[in-house]
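Notes follow once the structure below has been shown.
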Amino acid sequence: MFKPPELPPYVEQVFDIVDLIPPGRVMAYGDIAEVIGSGGPRQVGTAMAKYGGAVTWWRVIRADGGFLAGHEREALEHYREEETPLRADGSRVDMARARWSPADGPE
DNA sequence: CTCTTGACGCCGG
DNA sequence: TCCGGCGCCAAGA
């Protein structure tokens, strides 16, 4: 019998938050760690590195709005599709406008 | 047990 | 604005 993949509790908590992020909006690794209330940006980053493929990974980026290294092209496609606010030069997300938190409420 | 390694973040220069 | 340095913190060697 094959076992359904069981994710570490911390990873599930990260996924729960990521699933709440509305299209066109993003959250920083540190933001997610803060909502969970434990661990730090690096823990969230590690979780995403291992299992991120199962969720909307492009909505989770660094606090400075930089695209995920190695997946810039794919990420940009999603941002164009979701109309995520980008900076004038289009090289990164406009955090001032796109940054979201559960407290902002669903859209 | 110590040392290294990250999908990070902040602060100077 | 760009870059380097350092702090952070859990997991693995």
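Keep in mind that this is a model prediction, so the values were computed, not measured. Sequence lines set the chain letters: A, B, ... in the order given, protein chains first and strands last, and positions in each chain run from 1.
In this view, A/Phe67 and A/Tyr79 satisfy the ring pair (Phe, Tyr, Trp, His ring centres under 6.0 Å) rule, not counting sequence neighbours. With sequence neighbours left out, A/Arg25 forms a side chain to side chain donor-acceptor pair (under 3.5 Å) with A/Glu107.
Rounded to the nearest 0.5 Å, atoms CG (A/Asp19) and CZ (A/Arg59) are 9.0 Å apart. Considering CE of A/Met95 and CE of A/Met27, their distance stands at 9.5 Å, rounded to 0.5 Å.
Atom pair A/Leu68:CG and B/dG6:P shows a separation of 15 Å (rounding to whole Å applied).
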Quick test: give all pairs of protein nitrogen or oxygen and nucleotides 10-13 of chain C nitrogen or oxygen below 3.5 Å, distance rounded to 0.1 Å.
from	atom 1	to	atom 2	distance (Å)
C/dA10	O4'	A/Gln43	OE1	2.8

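Note on A/Arg87 versus A/Asp89: no salt bridge recorded, every NZ/NE/NH1/NH2 to OD/OE distance being 4.0 Å or above.
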Let me have the donor-acceptor pairs involving side chains of residues 29-39 of chain A, under 3.5 Å, with sequence neighbours excluded, atom names and distances please.
from	atom 1	to	atom 2	distance (Å)
A/Asp31	OD1	A/Arg99	NH2	3.0
A/Asp31	OD2	A/Ala28	N	3.0
A/Asp31	OD2	A/Arg99	NE	2.8
A/Asp31	OD2	A/Arg99	NH2	3.3

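The local environment of NE2 in A/His71 is sparse, with at most 12 non-hydrogen atoms from other residues, nucleotides or ligands closer than 6.0 Å.
For residues 43-58 of chain A, the pairs satisfying side chain to side chain donor-acceptor pair (under 3.5 Å) are A/Trp58-A/Glu82, with sequence neighbours left out.
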Report summary line: Each nucleotide of nucleotides 8-13 of chain B classed B (base within 4.0 Å of a protein heavy atom), S (only sugar-phosphate) or -, in 5' to 3' order, makes BS----
